[in-house]
Amino acid sequence: ALALGIAVIVAAAMALRVTTPLRRLTEASRALAEGQLGSRIPRADVRAGSSELAELAVQFNAMADQLEASVEMIRRDRDRSRDFLADVSHELRTPIAALLTFNELLTERAGDDPRARAEFLESSRVQLERLDWLAQNLLELSKLDSGLVLLDLRPDDLRTTVESAIEQAGPAARRRGVTLQLEQADAPIRIRHDPQRIGQVVTNLVGNAIKFTDPGGSVRVRVRPAADGDATIEVIDTGVGIEPAELPRIFDRFYRGSLANEARGSGSGLGLAIARSIVDIHRGTIEVESRLGVGTTFTVTLPADPRREAGPIAGTTSLEGAPKMVDSSPTAAPGLNRETPR
């Protein structure tokens, strides 16, 4: 009887040790299936079972963590898509309403006046250009976000890329009455980058600096080498500055600051968002410093070779959305023509 009692107690203890983790695993699986994504198996129960059950519980918790992170990412993308569609509809409503108004005025008596007709047609052309510019920026931003952009990485001199972008911004600076200066490094800065995309970043930053700088002000662009073969591009203006509370939002889509209403109305609010996306896929960083009434400084840091940079792109949690990169540089030095034997 004593031996039987001891056997029963030992068997019950062993059964409890096995069934408790299984019961916890079943309860957690049921809760996870019902949508309770935070359900996990307690660590105490994981340690109480056998090594096989403990490993199963650890893997279950890891699976639940990944599932919760994936669902949270999907929800965040859904909210961003909803906000993005709302912003797009709001931005499109203004030029469309203006075009409808101009059309109605032209179909009425205003169409008989040549001066009024020319004025309305010119205003309609401006609104159509704004729609076209908005559509191009939206398409560009969509490609960058979806990872469909193919980077054409070349070991070119960064100074040439920046200089070309500055030359394109020169006429706008002269019309605005703003002094545009370029400060280059003495030696070449050869890093692997996509010249067209980086030129687009510089164009957007310089264009914003010119718009938000009053006539008589200045915009300086400095290109310097950095540590470990990296490079920096600084765009410094003497413009109106940015409110401290607005700095965290300036890279948001369709966001415009509260200052300089004339400049805010002439843009789409997507230039800085596109610039940040391009810098991100180059695995670089973009920072901003600003003081009201003094000016703003944007600093872009680019790595020597984006292919060597490990880790996910900023704003992502994995490398699945990493950009496709192609190296267009020659794989070997061209050989010399040799004389053929006679």
Side-chain angles (χ1 to χ4, degrees), residues 76-77 79-80 82-84 86-88 90-91 94 134 137 141 144-145 162 165-166 169 172-173 176-183 198 200-224 226-227 230-303 312-317:
R76 186 166 56 251
D77 291 342
D79 295 339
R80 290 178 56 189
R82 186 186 298 116
D83 296 340
F84 182 69
D87 293 336
V88 170
H90 175 73
E91 292 294 327
T94 300
L134 182 61
N137 285 342
L141 195 58
L144 292 171
D145 289 346
V162 176
I166 296 301
R176 182 74 176 174
V178 175
T179 302
L180 183 58
Q181 301 175 348
L182 175 60
E183 300 178 8
I198 297 302
Q200 187 177 2
V201 172
V202 177
T203 300
N204 290 349
L205 295 179
V206 173
N208 276 351
I210 294 174
K211 286 193 299 183
F212 286 94
T213 300
D214 295 330
S218 65
V219 175
R220 291 184 298 137
V221 181
R222 295 192 301 191
V223 185
R224 293 288 184 270
D230 299 347
T232 60
I233 305 173
E234 292 181 321
V235 179
I236 308 167
D237 64 63
T238 59
V240 296
I242 305 173
E243 293 278 358
E246 296 176 351
L247 286 176
R249 300 185 56 191
I250 62 173
F251 293 104
D252 294 344
R253 301 167 181 174
F254 299 109
Y255 182 77
R256 301 184 182 95
S258 59
L259 300 177
N261 293 330
E262 179 183 355
R264 290 194 300 122
S266 62
S268 63
L270 296 175
L272 290 180
I274 293 175
R276 184 181 64 174
S277 297
I278 294 175
V279 174
D280 286 344
I281 63 178
H282 276 83
R283 308 221 181 252
T285 59
I286 181 169
E287 301 175 348
V288 57
E289 296 180 1
S290 183
R291 292 177 58 187
L292 288 177
V294 177
T296 304
T297 300
F298 284 90
T299 303
V300 176
T301 303
L302 298 174
I313 300 175
T316 63
T317 57

Residues two or more places apart in sequence or in another chain: which of them pass side chain to side chain contact (heavy atoms under 4.5 Å, CB included) with [X]?
X	value
E234	R222, I236, T299
R276	F251, D280, I286
T179	Q181, S218

Grab the two heavy atoms, one from [X] and one from [Y], that are nearest each other, plus how far apart they are.
X	Y	value
A226	T232	CB-CG2, 4.0 Å
A165	T203	CB-OG1, 3.7 Å
I210	A169	CD1-O, 3.8 Å
I250	L272	O-CD1, 3.4 Å
P244	P248	O-CD, 3.7 Å
P303	D230	CA-OD1, 3.3 Å

Inset, instruction - Find the distance between OG1 (T213) and CG (D237) and round it off to the nearest 0.5 Å. - result: 4.0 Å
Inset, instruction - Measure the CG-CD1 distance between L302 and I233 for me, rounded to the nearest 0.5 Å. - result: 5.0 Å
Between [Y] and [X], is there a side-chain heavy-atom distance shorter than 4.5 Å?
X	Y	answer
F298	N204	no
E183	R224	yes
R291	I242	no
V300	L205	yes
T296	N208	no

Inset, instruction - Check each of T285, I278, V279 against H282 using the side chain to side chain contact (heavy atoms under 4.5 Å, CB included) test, and report the only one that passes. - result: I278
